[in-house]
K.L.:
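Below are the structure tokens for one structure; questions will follow.
Computation of the quantities below employed the complete heavy-atom set of this structure, encompassing side-chain atoms and omitting hydrogens, waters and symmetry-equivalent molecules. These numbers were taken from a predicted model, which means no experiment stands behind them.
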Amino acid sequence: MIDRLGFADFLRRRRELLRPADIGLPEGVRRRTPGLRRDEVAQLANISTDYYARLEQRRGANPSETIVASLARALRCDPDERDHLYHLAGFSAPARYSGGYVRPGVMSLLDRLGDIPAFVVSDLGAVLWQNTVAAITLGWTAERRADRSANIVWRWFTEPALRTCFPEEDWPRHSLAHVSDLRATSARRGGDADVTDLVHGLLERSEEFRALWERHEVAVHRFDRKRFLHPEVGVLHLTCEVLLSPEADTKVLAFFPTEGTDAREKLALLRTIGTQNFQATR
């Protein structure tokens, strides 16, 4: 239920904190109220001044989600303030999306994991960033392109060469994991254009994807054990830990040596080979 007192108080305090310059208006010389006037906020939110005034006075009809969203934009709320406004109005806050932005601190953290491969990927499977060890050992691209060539899910179902990095008997399990994870993203993000474009493209290009998509299996994957086929060291057994961002639209994939295997020694060898190759090309 709506918290009328809290909702009204938050509206008023946010309005009083803003200045005309924040919304592109001149300061003026005869403003009797701190911050913006009610009519200015109402105009920005595309609602009537009378309706806005009644919201601040804790009366009138409850606002819809659309109006709450308009008020959050009009009052220049940051994501936390916007979520708070939704909660005060009695609604669940909408999901947050970073647009594929990788924070510098995340990159610095993963670069310090100098002995294991680590990636940052989008919720649709696009590789956004990789540390040096990942580039040396697994070789997935982290270039951000518009043609989906950095998207692991797209390449898995449209480029057979990608699968040669994995034992063939593991392919069905990886295919189902990709589709069920994409199903979860599609359910969470509804009709977002980037989601529908990827799904429709895969439905058109891949019969295997169509068959798995029709099974409607859903799973958000947070842990996996994988086997990679590397031309230098053979089979590489790695355990993948998946760390989700608060917005859930980016995630970190960290690949640790699987216990009881020789993966640690093989990773060390690949790091040595990769460093030598890098120095030789300088």
Side-chain angles (χ1 to χ4, degrees), residues 102 105-142 150-157 159-185 208-209 212 215 217-246 248 250-280:
V102 182
V106 173
M107 292 186 279
S108 296
L109 172 65
L110 298 186
D111 257 337
R112 283 165 172 74
L113 300 178
D115 57 348
I116 64 168
F119 297 84
V120 181
V121 302
S122 74
D123 58 354
L124 296 180
V127 179
L128 305 174
W129 187 84
Q130 61 188 355
N131 67 2
T132 303
V133 186
I136 291 172
T137 57
L138 304 182
W140 293 345
T141 178
N151 189 294
I152 299 170
V153 181
W154 176 262
R155 294 180 62 198
W156 179 264
F157 288 102
E159 298 179 22
L162 180 66
R163 301 194 180 198
T164 61
C165 298
F166 302 87
E168 187 171 355
E169 58 268 29
D170 294 350
W171 292 359
R173 182 172 66 85
H174 291 320
S175 294
L176 180 58
H178 286 314
V179 176
S180 60
D181 201 81
L182 183 56
R183 263 289 186 187
T185 298
E208 180 190 16
F209 180 86
L212 292 172
R215 289 167 58 173
E217 296 190 34
V218 181
V220 177
H221 295 276
R222 299 177 175 86
F223 172 87
D224 198 5
R225 295 190 187 277
K226 296 180 181 290
R227 296 187 298 166
F228 294 91
L229 301 180
H230 196 282
E232 300 285 350
V233 297
V235 180
L236 192 59
H237 296 262
L238 299 177
T239 297
C240 179
E241 289 285 350
V242 182
L243 308 176
L244 299 177
S245 69
T250 58
K251 47 193 173 184
V252 172
L253 308 183
F255 293 87
F256 298 89
T258 299
E259 300 85 350
T261 72
D262 57 359
R264 189 177 304 278
E265 292 76 14
K266 288 180 175 179
L267 282 176
L269 176 60
L270 287 172
R271 290 197 304 274
T272 301
I273 295 172
T275 302
Q276 291 173 346
N277 290 341
F278 174 74
Q279 292 173 340

K.L.:
Using the side chain to side chain contact (heavy atoms under 4.5 Å, CB included) rule, take Val133 and Asp115 through it: C-alpha gap first, then chi angles, then the decisive distance, then the call.
P.N.:
CA-CA 7 Å; Val133 186; Asp115 57 348; over 6 Å; no
K.L.:
Is NZ or CZ of Arg264 both nearer than 6.0 Å to the six-membered ring centre of Phe256 and within 45° of the ring axis?
P.N.:
no
K.L.:
Could you tell me if the side chain of Leu182 sits less than 4.5 Å from the side chain of His178, heavy atoms only?
P.N.:
no
K.L.:
Of all heavy-atom pairs between Ile152 and Val121, which one has the smallest distance, and what is that distance?
P.N.:
CD1-CG1, 4.5 Å
K.L.:
To the nearest 0.5 Å, what is the distance between CG (Asp170) and CZ (Arg225)?
P.N.:
13.5 Å
K.L.:
Any chance you could lay out the side chain to side chain contact (heavy atoms under 4.5 Å, CB included) test for Phe223 and Thr239, step after step, and finish with the verdict?
P.N.:
CA-CA 8 Å; Phe223 172 87; Thr239 297; 3.3 Å; yes
K.L.:
What pair of heavy atoms forms the shortest contact from Leu238 to Phe255, and how long is it?
P.N.:
CD1-CB, 3.8 Å
K.L.:
Working to the nearest 0.5 Å, report the span between OG of Ser175 and CH2 of Trp156.
P.N.:
5.5 Å
K.L.:
Step by step, would you call Ile116 with Glu241 a side chain to side chain contact (heavy atoms under 4.5 Å, CB included)?
P.N.:
CA-CA 11 Å; Ile116 64 168; Glu241 289 285 350; over 6 Å; no
K.L.:
With no hydrogens and no angle check, is any side-chain donor or acceptor of Lys266 less than 3.5 Å from a backbone partner on Val235?
P.N.:
yes
K.L.:
If we check salt bridge (charged side-chain N to carboxylate O under 4.0 Å, His left out) with Asp224, which of these qualifies: Lys226, Arg227, Arg222?
P.N.:
Lys226
K.L.:
Nearest 0.5 Å, what's the CG-CG distance between Leu212 and Leu176?
P.N.:
6.0 Å
K.L.:
Minimum heavy-atom separation for Val218 and Arg183, please, with both atom names.
P.N.:
CG2-CB, 4.0 Å
K.L.:
Is Val153 close to Leu124 at the side-chain level, that is, under 4.5 Å between some pair of heavy atoms?
P.N.:
no
K.L.:
Should the ring pair Phe166 and Phe228 be called parallel, tilted or perpendicular, given that the plane angle runs from 0 to 90° and is split at 30 and 60?
P.N.:
tilted
K.L.:
Measuring from Lys251:NZ to Asp181:CG, what's the distance to the nearest 0.5 Å?
P.N.:
3.5 Å
K.L.:
If I take atom OG from residue Ser122 and atom CG from residue Leu128, how far apart are they, to the nearest 0.5 angstrom?
P.N.:
5.5 Å
K.L.:
Quick one: does Thr272's side chain have a donor or acceptor within less than 3.5 Å of a partner on Ala268's backbone?
P.N.:
yes
K.L.:
Of all the heavy-atom pairs spanning Arg163 and Trp171, show the shortest one and how long it is.
P.N.:
O-NE1, 3.0 Å
K.L.:
Verify side chain to side chain contact (heavy atoms under 4.5 Å, CB included) between Thr250 and Val106, making sure each step is shown before the conclusion.
P.N.:
CA-CA 11 Å; Thr250 58; Val106 173; over 6 Å; no
K.L.:
Any heavy-atom pair between the side chains of Thr132 and Asp111 that's under 4.5 Å?
P.N.:
yes
K.L.:
Between Val220 and Ala184, what is the shortest heavy-atom contact and its length?
P.N.:
CG2-CB, 3.6 Å
K.L.:
CD of Gln130 to CG of Leu110: how many Å apart, nearest 0.5 Å?
P.N.:
11.5 Å
K.L.:
For atom CD of Glu159, decide whether the heavy atoms of other residues, nucleotides or ligands shown that lie under 6.0 angstrom number more than 12.
P.N.:
yes
K.L.:
What are the two closest heavy atoms between Pro172 and Glu169, and how far apart are they?
P.N.:
CD-O, 3.7 Å
